[in-house]
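Encoded as structure tokens, the structure appears first; notes follow it.
Bear in mind that the values here come from a model prediction, so they are computed numbers and not experimental data.
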Amino acid sequence: MNNGPGGSRVKKKSTFAWIMEFAGQKKRFYIFSVFSAALGALCQMLPFIMVAHMVGKLLQGDINFRGYALDCLAMAVMWLLRVLFHAVSTACSHVATFSVLANIRKQGLQKLERMPLGEVQRSGSGNLKNILVERIDSIETTLAHMIPEMSGNLCAVAATLGLLFWIDWRMALVSLMTFPVGMICFSCMMIGYEQNYRRTVQATKNLNDTAVEYIGGIEVIKVFGKAKSSYEKFVAATKEGAASYVDWMRKSNIFFTFSMNIMPATLVSVLPIGGLWVRNGSLSVTSFVFVVILAMGLITPILNCMAFSDDIAKLNTVIGEVTSVLGAEELPRPQTQPTALKDHTVTLRQVRFGYDEKEVLHGIDLTFREGTVNALVGPSGSGKSTIAKLMASFWDVDGGGIYIGGVDIRNLPLEQYHGLIAYVSQDNFLFDDTIRENIRMGKPGATDAEVEQAARDCGCREFIMELEKGFDTVVGSGGGHLSGGERQRISIARAMLKNAPIIILDEATSYTDPENEAVLQSSIARLVQGKTLIVIAHRLSTIKDADQIAVVDQGNIAGKGTHEELLETCPLYRNLWKAHSLAKDSL
């Protein structure tokens, strides 16, 4: 069965490897960022060494103030260089990070193009939008700052420890005595980290999906008086989102406080033990001063690195979500030159298909000849739309095959296949752009005259010109400024402008009033001459003149033929026609 991701899995790689791959040619900016951060860490260390050297000279009675002034000037230069290297490092990491984010989004959107459209829809627009927009945005700061700052801090820790061990290995170990105690507290704070973090991620996703659902369905909520129950669902998701963080912080706060106060307290061990060794002569005063100054700056860089633990977890989670999209199932199509077709006849041979574990089509055999008008009819849920979506390549069949001009569609490059099909569903989507540009999407590069002619041929130019700005009227998000019928007519005009040889109309006139439907049907009849037209219609009177009508019942073909033939041979069609006629008479 066609039950989700599989087939096109991406290779298992670490988060860092993915970041380097997404960075592409900009990865050298990350490398230069790390190099600059290391130089900045060196410049940060040198003033500590110079201060210790100055204190040592003072203790020895050196009063050469000119030398001290030069030392202070050198420290100022080191500080400025440190700021400069930090700025360069951060700038380079930002360049690479923006390239990473851009490449992630490009690859994600390109992946959506290759995925079965049904799987994209089943994943949910809220979830995909959350991953490709908000979740990717959330790692910008982490990537841009973590790499240079962690690199600089790690270099500073390594340099400080190296210098401490060079001065006196005993004092180096003493300066680290508070670190294990602080780490024990930190480890206690991290108990249940994965579960707590997973809860926050899930709560955030639920809140995002609930918000999208609430806003998108506000019209239905108001009309049917569901504001209270719908708002309660949104409030519950909001409270859970807040509680997931508050509960986590409440459990971690005590251990966090102890950890952050114990680890930096290096002087608690360094001063008494170092003072004792100075007193018994096993440690020089100058070395002791060096150690005190260096020890004060030893733990802070470690804490700075540890502060990125949440960001690293977030990064791993987001990259995991992104790669789960990149690893989703693709439509297996060849990357070849277009294949020659003898005609545009569509043939279904023993087609089987199911959602999850339930098969809904059971060996469908149909032929839609080039230049004919064909209709699929049947009760609701019989499988009509599934057949149309399989022909439009929303999914691949589980068994059998679909052929165009004798060629299995799985052997056709996607670009060629998309050029062969114009699909219009009952749930039409318009982009938040002008009517002109929405129609032009059917044929990028079409002139304004061609766009207006397509609208005229589909009988929608009249209502367009009645709008305030005519063809330049912005339709709003999803076409929300227009009625359902107006959106459908513009979608059909877009499909007609595409001029594809095969046209599939999946109840594409369901929102159209009878008067305009008659105009639209007449326009479609003229525009599809010589093309293969496949129509799913709930009004049987609109397709009774079709060259072939196929009756679908519970995933099987109950009959096929002309209107007159089916009235004689197919009881189901006869009942459908009788019910349709009674409904028309009662109006």
request  = Applying side-chain contact (heavy atoms from CB on, under 4.5 Å), run through N316 and W18 and close with a yes or a no.
outcome  = CA-CA 10 Å; N316 289 332; W18 273 115; over 6 Å; no

message = Checking E359 against D398 for the side-chain contact (heavy atoms from CB on, under 4.5 Å) test, could you report, in this order, the C-alpha distance in whole Å, the side-chain angles of both residues, the deciding distance, and whether it holds?
response = CA-CA 9 Å; E359 186 175 85; D398 294 327; 6.0 Å; no

query = Which is it for M171 and W277 under the side-chain contact (heavy atoms from CB on, under 4.5 Å) test, yes or no, and what are the steps along the way?
reply = CA-CA 10 Å; M171 290 304 298; W277 287 342; 3.4 Å; yes

request  = Please step through side-chain contact (heavy atoms from CB on, under 4.5 Å) for the pair K443 and R494, ending with a clear verdict.
outcome  = CA-CA 8 Å; K443 180 184 176 183; R494 178 169 60 193; over 6 Å; no

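Summarising the geometry of V181 relative to M177, their closest heavy-atom pair is CG2-O, 4.1 Å, with the distance given to 0.1 Å. Across M20 and K27, no two heavy atoms sit closer than the pair O-CE, 3.6 Å. Nearest heavy-atom pair, C43 versus M78, reported as atom, atom and distance to 0.1 Å: CB-O, 3.5 Å. Of all heavy-atom pairs between S259 and F186, the closest is OG-CB, 3.5 Å. Taking each heavy atom of S36 and V88 in turn, the nearest pair found is OG-CG1, 3.7 Å. Considering every non-hydrogen atom in both K26 and S99, the closest pair reads CG-OG, 3.2 Å.
Between the side chain of S244 and the backbone N or O of G241, at least one donor-acceptor pair lies under 3.5 Å. For the pair H94 (side chain) and T90 (backbone), a donor-acceptor distance under 3.5 Å is present. In this structure, S89 contributes its side chain and F85 its backbone to no donor-acceptor pair below 3.5 Å. With hydrogens and angles ignored, the 3.5 Å screen pairs no side-chain donor or acceptor of E140 with any backbone N or O of F98. The closest donor-acceptor contact from the side chain of T323 to the backbone of L326 lies at 3.5 Å or more, if one exists at all. S175 places a side-chain N or O within donor-acceptor distance of the main-chain N or O of A172, the cut-off being under 3.5 Å. No side-chain donor-acceptor contact under 3.5 Å links S33 to the backbone of F29.
Within the 4.5 Å cutoff, the side chain of R170 has heavy atoms near those of the L283 side chain. Taking the side chain as every heavy atom from C-beta outward, F255 and M190 never approach each other to under 4.5 Å. Residues I136 and V322 are in side-chain contact: their nearest non-hydrogen atoms beyond the backbone lie under 4.5 Å apart. The shortest side-chain heavy-atom distance between L143 and S93 does not fall under the 4.5 Å cut-off. The closest side-chain heavy-atom distance from L390 to F394 is not below 4.5 Å. Residues R333 and I409 are in side-chain contact: their nearest non-hydrogen atoms beyond the backbone lie under 4.5 Å apart. Side-chain contact between V291 and L164 is present, with at least one heavy-atom pair separated by less than 4.5 Å. Counting only heavy atoms from C-beta outward, the side chains of D247 and N196 never approach each other to under 4.5 Å.
Defined by atom type and a distance below 3.5 Å, a donor-acceptor pair is present between the side-chain atoms of N206 and Q202. Side chain to side chain, T266 and T178 fail the donor-acceptor criterion of an N or O pair below 3.5 Å.
Applying the 6.0 Å contact sphere to CD of E415 captures no more than 12 heavy atoms from other residues, nucleotides or ligands. Around the CZ atom of F431, the shell of radius 6.0 Å holds no more than 12 heavy atoms that belong to other residues, nucleotides or ligands. Sparse packing is recorded around CD1 of I254, with 12 or fewer heavy atoms of other residues, nucleotides or ligands lying under 6.0 Å away. More than 12 heavy atoms of other residues, nucleotides or ligands shown are found within 6.0 angstrom of CE on M249.
Ring orientation note: the planes of F353 and W395 are tilted relative to one another, at an angle of 30° to 60°.
Using a 4.0 Å cut-off between a side-chain N of Lys or Arg and a carboxylate O of Asp or Glu, R105 and D137 qualify as a salt bridge.
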